[in-house]
J.: 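Below you'll find the structure I mean.
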Amino acid sequence: MTVASPPPASAKSASTTSTAPAAGRLPRFGPQLVDGGVLFRLWAPKRPRVLLRLEGESVARAMRQADDGWHLLEVPGAGPGSRYWFEFEDGLRVPDPASRLQPLDVHGPSEVIDPQRYRWRDQHWRGRPWHEAVIYELHIGAFTAAGTFQAAIERIHHLVELGVTAIELMPVAEFPGQRNWGYDGVLLFAPDASYGHPDDLKALVDAAHQRGLMVLLDVVYNHFGPDGNYLAAYAPLFNDHHHTPWGAAVNYDGDGAALVREFMLQNAAFWIEEFHFDGLRLDAVHAIKDDSANHLLAEIPARLQRAANGRPIHLIIENEENEVSRLLRSDDDDPVQYTAQWNDDVHHGLHTAATGEYAGYYHDYAGDTAKLGRALAEGFAFQGELMAYRGVPRGEPSAALPPTAFVAFIQNHDQIGNRAFGERLTAIAPAAAVRALAGTYLLLPQIPMLFMGEEFAASSPFPFFCDFSGDLARAVREGRRAEFSRFPEFADPQQRELIPDPGSAQTFAAAKLDWSELAREPHAQWLALYRQLLQIRQREIIPRLRGIKGHAGRCTVQEPGALIVRWKMGDGTQLALTANLHNDAAGELTAPSGRVIWSAKPELSAHAPWQAIWTLG
């Protein structure tokens with residue numbers, strides 16, 4: 001994800017000692033409706049005295065100090081709709097860190113809601129098995145013109161007709177301002193009010209379940225955003241012994257860490273229990289710093305298994321370290337911890353083939369057909385070898401994992417939005433190349449993920465955007481332009497000035513999908529292609545993924561850009577990809593015998609430029 005800005009220095013407070021609570025008596029975070037009122041609670045071990053201030057009351061109420069740094073107060077007559085802050089002796093007024101709704105943004109009061117008010121219609125929903133997943137990543141604010149949960153419901157029919165089986169929402173936790181990618185969230189239990197009421201998010205999940213779609217949520221446990229995070233003012237939130245790109249790490253292993261961990265664990269379970277999500281995608285887990293005996297990443301799956309109450313829950317990670325140990329399977333082939341990992345190696349190999357780009361981390365993939373073949377066949381391209389860009393070895397041997405342990409894509413929010421202008425692949429690569437890449441990854445035995453609008457080659461970019469103010473807005477704008485100064489095309493300061501301002505409302509508006517493009521060319525042709533490919537996947541690939549094992553794939557590189565990859569599928573058949581991902585014809589390249597299920601070009605000449613032929617035998 002794009003780094004907006006490190007937390008302000010005031011947020012990097014030192015850890016304080018706190019007695020770990022005994023097992024089985026960990027309090028719940030957030031307000032609780034009780035008979036005739038509300039029980040308010042705040043964990044503030046740094047503060048000896050806490051007041052509760054209800055909106056509309058001139059006098060704040062003193063809270064009772066309990067064990068382990070908790071402050072409690074039951075208020076008769078309070079209820080859904082009551083707005084409140086917590087207040088300290090120095091006058092600092094803060095929202096509830098476990099607020100369920102922030103109607104006036106991150107610095108305003110929290111609002112009590114009734115979590116049981118929404119009437120679910122998905123009582124018969126039992127989820128879907130992972131091998132059926134076809135994921136569609138979307139940003140609520142940019143997915144529709146209105147940018148709300150309710151507006152997204154209106155597009156569910158499009159996703160069903162496309163062939164998608166799972167929606168993955170970019171983070172929705174409350175962030176500062178009216179627009180943000182979501183990775184600057186600071187109130188992790190509150191869906192951002194700019195998208196609608198929490199019940200609207202429930203309605204979106206419910207509607208998706210009614211149409212057979214799983215819904216996954218992207219969550220961020222490696223840092224908090226730089227504006228609106230007050231937790232460090234009253235709790236040991238950060239640990240200065242670890243550092244991340246955003247500053248001091250979240251305190252998962254220092255003094256007082258027990259309840260910081262519990263806060264995150266309750267948050268993860270909250271989305272599964274209260275919002276019926278079918279799984280989570282954990283952002284950049286390599287930046288979750290935890291040297292304790294039981295890593296937070298090991299605790300999360302165990303907690304969610306209990307929260308799911310028998311439903312299948314799918315957990316995806318983004319992990320720069322390519323740790324196979326997080327993706328291991330049991331003797332029954334079930335994930336021990338995490339279901340799958342976003343596979344950047346597949347993306348980088350395919351992207352460099354189509355675009356010829358080689359700057360930055362692309363340098364380690366450009367022109368390396370062996371790495372691409374390895375990523376397609378075995379999951380990771382780097383399995384312990386030195387990665388020059390990083391200067392250290394990267395990854396672990398991954399061939400023993402089933403292909404479904406990897407999520408493959410040719411576009412996502414990072415890979416588009418981290419470009420200076422947020423260009424999509426169809427804006428920077430030949431159409432023939434993109435067609436071949438789409439056919440490659442959508443029929444791959446790995447789990448495919450589309451980025452919103454990809455299916456119709458949306459013309460809208462997806463630049464980085466946010467809604468900070470003052471010095472922070474200026475720092476983010478200047479910092480983003482400075483990021484690109486090392487690239488030759490932006491050596492000239494005047495060229496850097498052309499990079500969109502992340503804080504501009506126009507930058508956000510440019511990212512919104514134009515759904516009228518569906519009816520126009522060339523967008524309609526792209527949509528037809530994606531629908532065709534996903535129909536083939538549904539008919540030919542998905543049924544054969546059930547029971548697929550590790551060591552299923554093997555690759556033979558014929559020459560630069562040309563390869564043959566074979567997989568032994570779950571039903572014993574052989575799936576084969578013969579591809580020339582190059583703009584020049586290949587030499588001798590013959591597809592394995594078998595029934596052709598798709599080819600990028602109608603002629604079955606395997607050596608043609610930008611050809612990809614899939615066969616089953």
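These values consider heavy atoms only, across backbone and side chains, with no hydrogens, waters or symmetry-generated copies.
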J.: Please examine the side chains of Asp414 and Trp181, heavy atoms only from C-beta on, and report whether any two atoms are closer than 4.5 Å.
T.: yes
J.: Test side-chain contact (heavy atoms from CB on, under 4.5 Å) on Phe406 and Val346 and set out the steps.
T.: CA-CA 9 Å; Phe406 305 95; Val346 162; over 6 Å; no
J.: Looking at CD of Glu274 and CG of Leu201, how far apart are the two atoms once the value is rounded to the nearest 0.5 Å?
T.: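 One gets 10.0 Å once the value is rounded to the nearest 0.5 Å.
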J.: Is a side-chain N or O of His523 found less than 3.5 angstrom from the main chain of Ala457, in a donor-acceptor match?
T.: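 Side chain of His523 to backbone of Ala457, a donor-acceptor pair under 3.5 Å: yes, one is there.
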J.: About how many Å separate CG of Leu327 and OG of Ser398, when rounded to the nearest 0.5 Å?
T.: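 Spacing of OG (Ser398) from CG (Leu327) equals 9.0 Å.
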J.: Let me confirm one number: the CG-OG distance from Leu513 to Ser460, rounded to the nearest 0.5 Å.
T.: 4.5 Å
J.: Looking at Tyr118, I'd like to know if the NZ or CZ of Lys202 sits under 6.0 Å from its six-membered ring centre while staying within 45 degrees of the ring's axis.
T.: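 Not flagged: Lys202 not positioned over aromatic ring of Tyr118.
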J.: Does one side chain, of Ser504 or Gln506, offer a donor that lies under 3.5 Å from an acceptor on the other?
T.: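 Yes - a donor-acceptor pair under 3.5 Å links their side chains.
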J.: Check whether any side-chain heavy atom of Asp192 sits under 4.5 Å from a side-chain heavy atom of Val172, and report yes or no.
T.: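 No - every pair of side-chain heavy atoms lies 4.5 Å or more apart.
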J.: For the residue pair Glu323 and His286, confirm or rule out a side-chain donor-acceptor distance under 3.5 Å.
T.: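 Distance-only check fails for Glu323 and His286.
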J.: Heavy atoms, side chains only, cut-off 4.5 Å: are Trp598 and Ile613 in contact?
T.: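 Answer no - side chains too far apart.
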J.: Tell me, with the steps shown, if Asp227 and Phe175 meet side-chain contact (heavy atoms from CB on, under 4.5 Å).
T.: CA-CA 8 Å; Asp227 181 24; Phe175 50 75; over 6 Å; no
J.: Assess whether atom CD of Glu603 is packed by more than 12 heavy atoms of other residues, nucleotides or ligands within 6.0 Å.
T.: yes
J.: State whether the side chain of Arg544 and the backbone N or O of Glu540 hold a donor-acceptor pair below 3.5 Å, judged by distance alone.
T.: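 It does hold such a pair.
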J.: Between Asp514 and Leu518 (side chain of the first, backbone of the second, donor and acceptor by atom type, cut-off under 3.5 Å), is there such a pair?
T.: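 Pair absent, no side-chain N/O of Asp514 close to backbone of Leu518.
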J.: As a quick check of understanding, evaluate side-chain contact (heavy atoms from CB on, under 4.5 Å) for Cys555 and Arg374, giving each step before the final call.
T.: CA-CA 7 Å; Cys555 175; Arg374 193 184 203 189; over 6 Å; no
J.: Could you tell me if the ring centre of His139 sits under 6.0 Å from that of Phe465?
T.: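 Judged by ring-centre distance (under 6.0 Å), His139 and Phe465 do meet the cut-off.
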J.: Counting the benzene-type ring for Trp, do His413 and Trp342 have ring centres under 6.0 Å apart?
T.: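 Yes; Trp342 has its ring centre under 6.0 Å from that of His413.
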J.: Is it true that Asp278 and Arg311 make a salt bridge, defined as a side-chain N closer than 4.0 Å to a carboxylate O?
T.: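 Salt bridge flag = yes for Arg311 with Asp278.
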J.: Would you check if the side chain of Glu174 reaches a backbone N or O of Ala193 as a donor-acceptor pair within less than 3.5 Å?
T.: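 Side chain of Glu174 to backbone of Ala193: a pair is present.
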J.: Ser599 side chain to Leu604 main-chain N or O, any donor-acceptor pair under 3.5 Å?
T.: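 Pair absent, no side-chain N/O of Ser599 close to backbone of Leu604.
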J.: Between atom OH of Tyr358 and atom CG of Asp364, what is the distance when rounded to the nearest 0.5 Å?
T.: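 Separation between the atoms: 14.5 Å.
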J.: Before you tell me yes or no, could you show the steps for Phe409 and His347 under ring pair (Phe, Tyr, Trp, His ring centres under 6.0 Å), namely the whole-Å CA-CA distance, both residues' side-chain angles and the distance that decides it to 0.1 Å?
T.: CA-CA 6 Å; Phe409 46 88; His347 170 271; 5.8 Å; yes
J.: Under a plain distance cut-off of 3.5 Å, with no hydrogens placed, do Asn412 and Glu137 share a side-chain donor-acceptor pair?
T.: no
J.: Would you say the rings of Tyr365 and Phe382 are close, in the sense that their centroids are separated by under 6.0 Å?
T.: yes
J.: Are the aromatic rings of Tyr389 and His363 close, with centres under 6.0 Å apart?
T.: no
J.: Can you classify the ring geometry of Trp515 versus Phe143 as parallel (below 30°), tilted (30 to 60°) or perpendicular (above 60°)?
T.: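 Trp515 and Phe143: perpendicular rings.
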J.: Check whether any side-chain N or O of His223 sits under 3.5 Å from a backbone N or O of Tyr183 as a donor-acceptor pair, and report yes or no.
T.: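 Yes, His223 side chain to Tyr183 backbone: donor-acceptor pair under 3.5 Å.
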J.: Would you say the side-chain atoms of Asp467 and Asn180 include a donor-acceptor pair closer than 3.5 Å?
T.: no
J.: For a 4.5 angstrom cut-off between non-hydrogen side-chain atoms, does Leu472 reach Pro226?
T.: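 In short, these two side chains touch, coming nearer than 4.5 Å.
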J.: Parallel, tilted or perpendicular: which fits the ring planes of Phe487 and Phe484, with parallel below 30° and perpendicular above 60°?
T.: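 It falls in the tilted class, 30° to 60°.
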J.: Could you report the tightest heavy-atom contact between Lys601 and Gln611, atom names first, then the distance?
T.: N-OE1, 3.0 Å
J.: Quick one: does Lys512's side chain have a donor or acceptor within less than 3.5 Å of a partner on Gly141's backbone?
T.: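 Judged by distance alone, yes, a pair lies under 3.5 Å.
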J.: Kindly indicate whether the side chain of Thr578, heavy atoms from C-beta on, has any atom under 4.5 Å from the side chain of Leu563.
T.: no
J.: Would you check if Glu478 and Arg496 make a side-chain contact, meaning some heavy-atom pair closer than 4.5 Å?
T.: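 SC-SC contact between Glu478 and Arg496 ruled out.
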J.: Enumerate donor-acceptor pairs with a distance under 3.5 Å from any side-chain N or O in residues 430-454 to protein atoms, sequence neighbours excluded.
T.:
| residue | atom | partner | partner atom | Å |
| --- | --- | --- | --- | --- |
| Arg435 | NE | Ala600 | O | 2.7 |
| Thr440 | OG1 | Ala436 | O | 2.8 |
| Tyr441 | OH | Met449 | O | 3.4 |
| Tyr441 | OH | Glu454 | OE2 | 2.7 |
| Gln446 | OE1 | Asn343 | ND2 | 3.2 |
| Gln446 | NE2 | Ala375 | O | 2.9 |
| Gln446 | NE2 | Leu376 | O | 3.4 |
| Glu454 | OE1 | Phe451 | N | 3.1 |
| Glu454 | OE2 | Tyr530 | OH | 2.6 |

J.: Please walk me through it: do Phe275 and Trp120 pass ring pair (Phe, Tyr, Trp, His ring centres under 6.0 Å)?
T.: CA-CA 10 Å; Phe275 287 84; Trp120 288 92; 7.7 Å; no
J.: Judged by atom type as modelled, is there a donor-acceptor pair below 3.5 Å linking the side chain of Gln102 to the main-chain atoms of Asp105?
T.: yes
J.: Are the side chains of Phe490 and Ser485 in contact, using a 4.5 Å heavy-atom criterion?
T.: no
J.: Between Arg394 and Glu321, does any side-chain N to carboxylate O distance fall below 4.0 Å?
T.: no
J.: Report yes or no: do Asn267 and Tyr221 form a side-chain donor-acceptor pair below 3.5 Å?
T.: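 Asn267 vs Tyr221: donor-acceptor pair found between side chains.
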J.: With side chains defined as the heavy atoms from C-beta onward, is the minimum distance between Arg326 and Leu297 less than 4.5 Å?
T.: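 Arg326 reaches Leu297 side chain to side chain.
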J.: Take Ile140 and Thr148 through the side-chain contact (heavy atoms from CB on, under 4.5 Å) test and state the conclusion after the steps.
T.: CA-CA 6 Å; Ile140 287 292; Thr148 64; 5.6 Å; no
J.: Would you sort out whether Phe277 and Phe270 count as a ring pair (Phe, Tyr, Trp, His ring centres under 6.0 Å), showing the intermediate values?
T.: CA-CA 9 Å; Phe277 278 99; Phe270 166 77; 9.5 Å; no
J.: Hey, could you give me each pair passing salt bridge (charged side-chain N to carboxylate O under 4.0 Å, His left out) that has a residue in residues 203-222? Not counting sequence neighbours.
T.: Arg121-Asp206, Asp218-Arg281
J.: For Glu132, is there any backbone N or O sitting under 3.5 Å from a side-chain donor or acceptor partner on Arg537?
T.: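 Absent.
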J.: Could you measure the distance from the CD1 atom of Ile316 to the CG atom of Asp283? Nearest 0.5 Å is fine.
T.: 12.5 Å
J.: To the nearest 0.5 angstrom, please state how far the OG1 atom of Thr165 sits from the CH2 atom of Trp130.
T.: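 So the OG1 of Thr165 and the CH2 of Trp130 are separated by 8.5 Å.
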J.: Taking atom CZ as the centre, does Arg390 end up with more than 12 heavy-atom neighbours from other residues, nucleotides or ligands that are less than 6.0 angstrom away?
T.: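 Check passes, neighbour count above 12.
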J.: Which pair of non-hydrogen atoms, one from Ala151 and one from Ala146, has the smallest distance, and what is that distance?
T.: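 For Ala151 and Ala146, the tightest heavy-atom pair comes out as CB-CB, 3.8 Å.
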J.: Please work out which of the three classes, parallel, tilted or perpendicular, describes the rings of Trp125 and His209, given edges at 30° and 60°.
T.: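 Rings of His209 and Trp125: parallel, as their planes differ by under 30°.
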J.: Keeping Arg100 on the side-chain end and Pro198 on the backbone end, is there a donor-acceptor pair under 3.5 Å?
T.: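 Pair absent, no side-chain N/O of Arg100 close to backbone of Pro198.
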